[in-house]
Number of protein chains: 2
Amino acid sequence: MAEQGGEDRVTDGAAGERGARGQAMYRKVAADLGREIGDGRYDSGGRLPTEGELAERYGVSRGTVRQAMALLRTEGLIASRRGTRRVVIGVPRPQSFGELLSFTRWARSTGEEPGGLIVATDTRLADPTERAQLRLPEGAEVHQVRRLRTLSGRPVMLERTVYPSAVGELLAGLPSDTVSYTVALEDSGVLFADAQHTIDLCRADDEDARLLGCRPGDPLLRERRVSTDPTGTPIEWSDDRYLPETVAFTVHSSAASGSLARRPAGDT
Amino acid sequence: MAEQGGEDRVTDGAAGERGARGQAMYRKVAADLGREIGDGRYDSGGRLPTEGELAERYGVSRGTVRQAMALLRTEGLIASRRGTRRVVIGVPRPQSFGELLSFTRWARSTGEEPGGLIVATDTRLADPTERAQLRLPEGAEVHQVRRLRTLSGRPVMLERTVYPSAVGELLAGLPSDTVSYTVALEDSGVLFADAQHTIDLCRADDEDARLLGCRPGDPLLRERRVSTDPTGTPIEWSDDRYLPETVAFTVHSSAASGSLARRPAGDT
DNA sequence: TAGTGGTCTAGACCACGGC
DNA sequence: CCGTGGTCTAGACCACTAA
């Protein structure tokens, strides 16, 4: 009767239902509840079923239900305290991690047509900042790509991304009309697992202005990001600058965990 | 030998060490490891001890160690996969949830002297947007406060915060020189548990310009936020506008959970 | 093949909220 | 007082990585 599982694809044969794609049971429970919340089955502020009820409904133990709840909590859908049932505090954000890292995926999810015009590519020695961000040794090379990103033909963002040479070599072999480097990398087995973002306001330099169609000194919303693969190895460092009125970032934070922070302006 | 615990203050008598302030054991383990990571005891990219080692070191079960690890993971300090030890991918951010919501706490943590000049207060019927954000019924009243925030006397941010009337009444009774409303509210038993933030770029209106000392139309970094208490009830809705070069926001996101999202520009 | 984390179970006691 | 979530234990099997 033991019910164990891998993250993907399960040999199965064990008891219990399983998510359609063989996902872990706690993920299925979380996904189901998230969907129900999104469908308005619970009012905002409404009470969820108890752990015991859910455990019985899905035929799992309380621990598994709690794992599902922890997921929903970090996603900002529910709040919980001892003594009372969990309550709904938010709706599912349709944004996946993939859509956050990939301009192409994000654009498509909003119904727009993404485009990318390569402005320049460059392979050279990493400077000290790049070495620090990508955790590279002295003398290491990096591959830089600058691309103008468009939504339905309209310039929206200028992207300057630096990759370690191993990743850069994969990119160099891609067809020149590749829209999404992120997707291409994932197809090559380079998986994105974590990212650290810094969001602030900056001023357009000459290149920004020329490509985005604004004037030097005009304000831009800047997102800088270091992404790492599942082994913790940095695989990209990017500086993305958006024209005003094109994008907003949303974050959930909670006393329980907290991934958002405010910092004095400065570098990195 | 059972080791259970409340979140604060524990009757104790049970086996095992406890954090100095009677915190849960898994929080102590997480805090210890976070400190060690911050002290450079593990290289970035370095491997952590195994679950078993940590369980033995602290005299707890593997489940408790895993709870601690889950915390460190959501905080962006470590990455983990099946088959290999966890690795360090980040350093502890000194920002607590409280410092994120309270300008005063944040300023002090950076060594600056925070100030707040009340520009206006207002009690009136909530407009439809405010009712939606704070989940108030038609006809409900809100209390609005506008304050100019300063760092060491220098204007930095203009804060427009709307509170439900119950909270507003608490604020109305405060001394006029109260620096931190957030701290005052917490002292009154109004606790902050969750917040949903939206970060984008906006243009200074006439009031912004007059108070912040810039010109109308100048760019500002805007953070809008709805905070809820542990019961899931919204307790504030705020629109904070920062002068450029004063602040940056940092966020960690991961494939496992994800609290950051990118959205097309628009309302809320 | 051995080491290590991912998933799950079954049961226990406790703290808190609300009736 | 009772319902509910928070914390913890002890043990199990599995999937994945690396030697």
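Just so it is clear: chains get the letters A, B, ... in the order the sequence lines come, proteins before strands, and each one is counted from 1. Model, not experiment: these values are computed from the prediction.
Taking for each of B:Tyr26 and A:Glu51 the nucleotide of DNA chain D with the nearest heavy atom, the 5'-most of the two is the partner of A:Glu51. Residue B:Glu53 is the one, among A:Gly63 and B:Glu53, whose nearest nucleotide of DNA chain C lies closer to the 5' end (criterion: closest heavy atom).
In summary, the side chains of A:His143 and A:Ser165 do not present any donor paired with an acceptor at a separation below 3.5 Å, with no hydrogens or angles considered.
In this structure, B:Gln67 has no side-chain hydrogen bond (donor to acceptor under 3.5 Å, both in side chains) partners at least two apart in sequence or on a different chain. The salt bridge (Lys or Arg N to Asp or Glu O under 4.0 Å) test applied to A:Glu169 returns no partner, not counting sequence neighbours. A search for salt bridge (Lys or Arg N to Asp or Glu O under 4.0 Å) contacts involving A:Asp194 returns nothing, not counting sequence neighbours. For B:Glu159, the salt bridge (Lys or Arg N to Asp or Glu O under 4.0 Å) test picks out B:Arg147, B:Arg149, with sequence neighbours left out. Judged as a side-chain hydrogen bond (donor to acceptor under 3.5 Å, both in side chains), and not counting sequence neighbours, A:Glu141 has no contacts.
When the nucleotides C:dT9, D:dT9, C:dT4 are ranked by their closest atom to the side chain of B:Thr64, D:dT9 comes out on top.
As rounded to whole Å, 8 Å separates atom P of C:dG6 from atom CZ of B:Arg62. One can place CE of B:Met25 at 9 Å from P of D:dT9, the figure rounded to the nearest angstrom. The distance between atom CG of A:Leu48 and atom P of D:dT4, rounded to the nearest whole Å, is 13 Å. Rounded to whole Å, atom P of D:dT7 lies 15 Å from atom CE of A:Met69. Distance OH (A:Tyr58) to P (C:dT7): 17 Å, rounded to an integer number of Å. When the P atom of C:dA10 is taken as reference, atom CD of A:Glu56 falls 13 Å away, rounded to whole Å.
For B:Arg27 and D:dG6, a side-chain-to-base donor-acceptor distance below 3.5 Å is absent, hydrogens and geometry of angles not being considered.
At C:dG6, one or more side-chain N or O atoms of B:Arg86 fall inside 4.0 Å of OP1 or OP2 (strictly under the cut-off). When the side-chain nitrogen and oxygen atoms of A:Ser80 are compared with OP1 and OP2 of D:dT4, none of them lie within a distance under 4.0 Å. Dashed line: the shortest gap from a side-chain N or O of B:Arg66 to OP1 or OP2 of C:dG6 is under 4.0 Å. The phosphate of C:dC16 (OP1 or OP2) has no side-chain N or O of A:Arg85 nearer than 4.0 angstrom.
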Pairs under 3.5 angstrom, nitrogen or oxygen only, protein versus nucleotides 17-19 of chain C, please.
none

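A donor-acceptor pair is defined here as one N or O able to donate and one able to accept, closer than 3.5 Å; such a pair exists between the side chain of B:Asp229 and the backbone of B:Gly232.
Across all strands shown, A:Arg47 has no heavy atoms under 4.0 Å from either base or sugar-phosphate atoms.
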